[in-house]
Amino acid sequence: MSNLSMEKKLIIVFVFLIILPIMLTGYISYQNYSKSIKKNTGLYATQLTNNITNRLDDYIGDMEQISQIPLYLTSLQQLLEDKSQSLTAKQVEMENYIRIMNNIKRGTNSIYIFDNDNNKYYMIVSGGVRTDLAERSDQWKRLARDAGGKSIFLSTQQVANWQTGKFAFTVIRDIRDFYTQEPIGTIAVDANISVIQNLVRDLETAGNGKVLMIDQNDHVIYDTEQQRMTERISDDPLVKLAAGTSGDFIKEINGVKYLCIYSQSLKTGWKTIIRIPLDQMMKEAMQTQNITLLVTCLVVSFALFVSILLSFALTKPMKRLMRLMKKAENGDLDVSYPVQTRDEAGRLGMHFNSMLERMKELIGQVYYIEGRKKEAELSALQNQINPHFLYNTLETIRMTAEINDDEETAEMIAALGKLFRHSTKSTNGVVTLGQEFEHLETYIQIVNYRYHNKFTLHLEAMQMLQHYPVIPLILQPIIENTVVHGQTEAGNETIDIHICYEISGHILTFYIRDNGIGIRQERLNMLHERLLSGINPDKEESTTGIGLLNVDERLKLHYGPAYGLELASQEGEGTVVTLTLPYNL
């Protein structure tokens, strides 16, 4: 990941932050919608199942009420018991009663009434009349007698008539005398199976569902294909799975998965099992899935396209800046980034341009400083030639003085030789502050030979600085400036020179004070200007050989512009020279 280009990283970020959430949202939406479809379809099917069961119970309840009508019609009961009328006359009157009862409930196929003499009374309707009444009547009368006046519900039977074969279910009841409660006949109310077909038509048509109804003995009351009517199907997997009074399950039949929902009637004990193909249930969900997938693909493609454009647009300025940096790395510092915007890339380009300008300035300063270093080193080298020659000559004179037993002259010459030996050390090397202090003491010793002990050097205890490395000849030119310019020609007063120091953080500061005549204000101003500008001293200011300004320049060239000399003086009251060095323990 760390080695990938910025473009690829941005594209990956866009993929994770935009494309993946869109895809995840689409997937979650589809899953939730599918679950909602399944749930709602299941609820709908459950409600429909319960509705079918309740409506069928109501219908059967109405059939039972029709079967109760003869129990309260005394005229009908008298007609059944009257044996004086002819059968034909009784049939005509009985048809009137049957017509009234048929009109009470639509959908009843036929009503049959039997008297104790096994006479049959009915009215011919569009569906025809059973042709198996002779066989059925005895069975119905026996079942009605056994029920003791209660209604008996008979599940689906195949019925034959003069037109076509069909199925019907029947409610039978014993007709008893209103006063004596003695059995005087039997009533049978037939209902066509089309009643159930009408109840389940909506489900079979709209949901492509299939309905199976069974009674308590697992006989088929109704099935959509009407191929298993009246069969006993106790071993059918659907019947086995439909345990209890209600519930649902998923069953695969002939390679097709069905959602099965069942409910049992508390009135009749019939169980209604509805099965709906899952693919039919999910048809709308699949359409939604396809639309969602299409929209998601379009959105993802658009987001990916925008992501690529954004990544190129965001990284294009960076690439241009990288190319310019490569040129600058190869030494071409004249390149420049064209700043066209004020965003982060534009500000980065501005900083890059500023950095190049600063680099060119620093390189110019380095060239200038190196040139100044060469000039200072050449000047110091030229100034070392005469001291080196003089040192060799003085050494010869000192040996001659010792041979002639002139000890004072030999000491003076030896001190002067030590002074010149320190001066001939390479200006590129370093010495210790202890060596610098020793050189100062030798210099004051020689000066006092000349000026009859007029100068006194006071050094603060500096044991901790004895071995601190510095560039050579940074203190002696300052003392020499005091010797040359700090006294009058006729003055005999003693000049005290005090050297003390302080350490503040990483700064080592020396204070060199004298009580000489000081420096005139005009000359002091000129020296300040030259210390600030770094102009090389001319011959007039180089009377010490190297000079104050040369020392300041060497300090700045070696340690940096933050270090060097500062002068403070007042005419007639002495001079203070402040020398700053870096201090690193």
Side-chain angles (χ1 to χ4, degrees), residues 387 411-412 414-423 425 431-466 468 470-503 507-521 523-524 527-528 531 537 541-552 554-555 563-581 583:
E411 289 178 1
M412 292 175 61
L416 187 58
K418 290 175 61 178
L419 186 68
F420 284 130
R421 183 184 301 170
H422 187 78
S423 300
K425 292 185 178 180
V431 296
T432 63
L433 279 174
Q435 291 173 326
E436 280 288 290
F437 298 149
E438 183 181 353
H439 177 68
L440 284 180
E441 291 173 348
T442 302
Y443 175 75
I444 292 297
Q445 180 184 354
I446 293 173
V447 168
N448 281 330
Y449 278 124
R450 178 182 175 185
Y451 293 102
H452 307 289
N453 296 321
K454 187 176 181 178
F455 295 92
T456 303
L457 179 64
H458 301 278
L459 286 175
E460 186 179 343
M462 299 185 184
Q463 288 80 1
M464 65 179 297
L465 299 177
Q466 289 294 317
Y468 190 76
V470 294
I471 60 175
L473 297 176
I474 59 172
L475 295 175
Q476 184 266 334
I478 300 172
I479 303 302
E480 186 174 357
N481 184 73
T482 300
V483 172
V484 174
H485 302 288
Q487 62 175 332
T488 61
E489 293 183 1
N492 295 320
E493 66 278 2
T494 300
I495 295 178
D496 295 321
I497 301 172
H498 295 268
I499 301 178
C500 60
Y501 74 96
E502 69 175 2
I503 298 173
I507 303 296
L508 172 60
T509 305
F510 285 100
Y511 300 98
I512 301 97
R513 296 183 177 88
D514 65 63
N515 58 350
I517 63 173
I519 304 174
R520 297 192 312 273
Q521 188 64 41
R523 182 175 177 80
L524 183 63
L527 290 173
H528 281 159
L531 288 173
E541 280 80 33
S542 301
T543 55
T544 61
I546 294 180
L548 291 177
L549 300 180
N550 186 272
V551 172
D552 180 70
R554 287 193 297 116
L555 289 172
Y563 306 97
L565 299 181
E566 291 183 5
L567 293 176
S569 180
Q570 190 170 355
E571 190 173 0
E573 296 186 5
T575 302
V576 178
V577 180
T578 304
L579 185 151
T580 56
L581 295 170
Y583 183 72

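Because the structure is a prediction, the values reported are computed rather than measured.
Side-chain contact between L433 and M462 is absent, with no heavy-atom pair separated by less than 4.5 Å. Residues I507 and E502 have side chains not in contact (no heavy-atom distance under 4.5 Å, counting atoms from C-beta outward). Using a 4.5 Å heavy-atom cutoff, the side chains of L465 and F510 are in contact.
For the atom pair OH of Y443 and CG of N448, the computed distance is 10.5 Å after rounding to the nearest 0.5 Å. I446 CD1 to E441 CD: the interatomic distance, rounded to the nearest 0.5 Å, is 12.5 Å. Rounding to the nearest 0.5 Å gives a distance of 10.0 Å between CG of L527 and CZ of R520. The line from OH of Y501 to CG of L581 is 13.5 Å long, rounded to the nearest 0.5 Å. A distance of 8.5 Å separates CD1 in I497 from CG in L440, rounded to the nearest 0.5 Å. Of the inter-residue distances, the one linking Y563 atom OH with Y583 atom OH reads 13.5 Å to the nearest 0.5 angstrom.
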Q. Do F437 and L459 pass the side-chain contact (heavy atoms from CB on, under 4.5 Å) test, and can you show the C-alpha distance, the side-chain angles, and the key distance before you say yes or no?
A. CA-CA 8 Å; F437 298 149; L459 286 175; 4.1 Å; yes
**Q.** side-chain contact (heavy atoms from CB on, under 4.5 Å) assessment of I499 paired with E460
**A.** CA-CA 6 Å; I499 301 178; E460 186 179 343; over 6 Å; no
(Q) Show, in sequence, the C-alpha distance, side-chain angles and deciding distance for I474 and L555, and conclude whether the side-chain contact (heavy atoms from CB on, under 4.5 Å) test is met. (A) CA-CA 8 Å; I474 59 172; L555 289 172; 4.0 Å; yes
Q) How far apart are the C-alpha atoms of R513 and C500, what are their side-chain angles, what is the distance that settles it, and do they pass the side-chain contact (heavy atoms from CB on, under 4.5 Å) test? A) CA-CA 9 Å; R513 296 183 177 88; C500 60; 3.3 Å; yes
(Q) If you apply the rule side-chain hydrogen bond (donor to acceptor under 3.5 Å, both in side chains), what do you find for Q476 with E480, and how did you get there? (A) CA-CA 6 Å; Q476 184 266 334; E480 186 174 357; 2.8 Å; yes
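Partners of N515 under the side-chain contact (heavy atoms from CB on, under 4.5 Å) rule, at least two apart in sequence or in another chain, are I495, D496. Residues passing the side-chain hydrogen bond (donor to acceptor under 3.5 Å, both in side chains) test with T580, sequence neighbours excluded: none.
At least one donor-acceptor pair under 3.5 Å links the side chain of R554 to the backbone N or O of P472. Without hydrogens or angle criteria, N481 side chain to P477 main chain gives no donor-acceptor distance under 3.5 Å.
Of the residues listed (V470, L475, T509), the one engaging L579 in a side-chain contact (heavy atoms from CB on, under 4.5 Å) is L475, and it is the only one.
Taking each heavy atom of T482 and F455 in turn, the nearest pair found is O-CE2, 4.5 Å. For the residue pair V447 and V483, the shortest heavy atom distance occurs at CG1-CG1, 3.8 Å.
Within 6.0 Å of the CD atom in E438, the count of heavy atoms belonging to other residues, nucleotides or ligands does not exceed 12. Other residues, nucleotides and ligands contribute more than 12 heavy atoms inside 6.0 Å of the NE2 atom of H458.
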Expected list for residues 565-578: side-chain donor-acceptor pairs under 3.5 angstrom, two or more places apart:
unit_1: S569; atom_1: OG; unit_2: I519; atom_2: N; d: 2.9
unit_1: S569; atom_1: OG; unit_2: G574; atom_2: O; d: 3.1
unit_1: S569; atom_1: OG; unit_2: T575; atom_2: OG1; d: 2.9

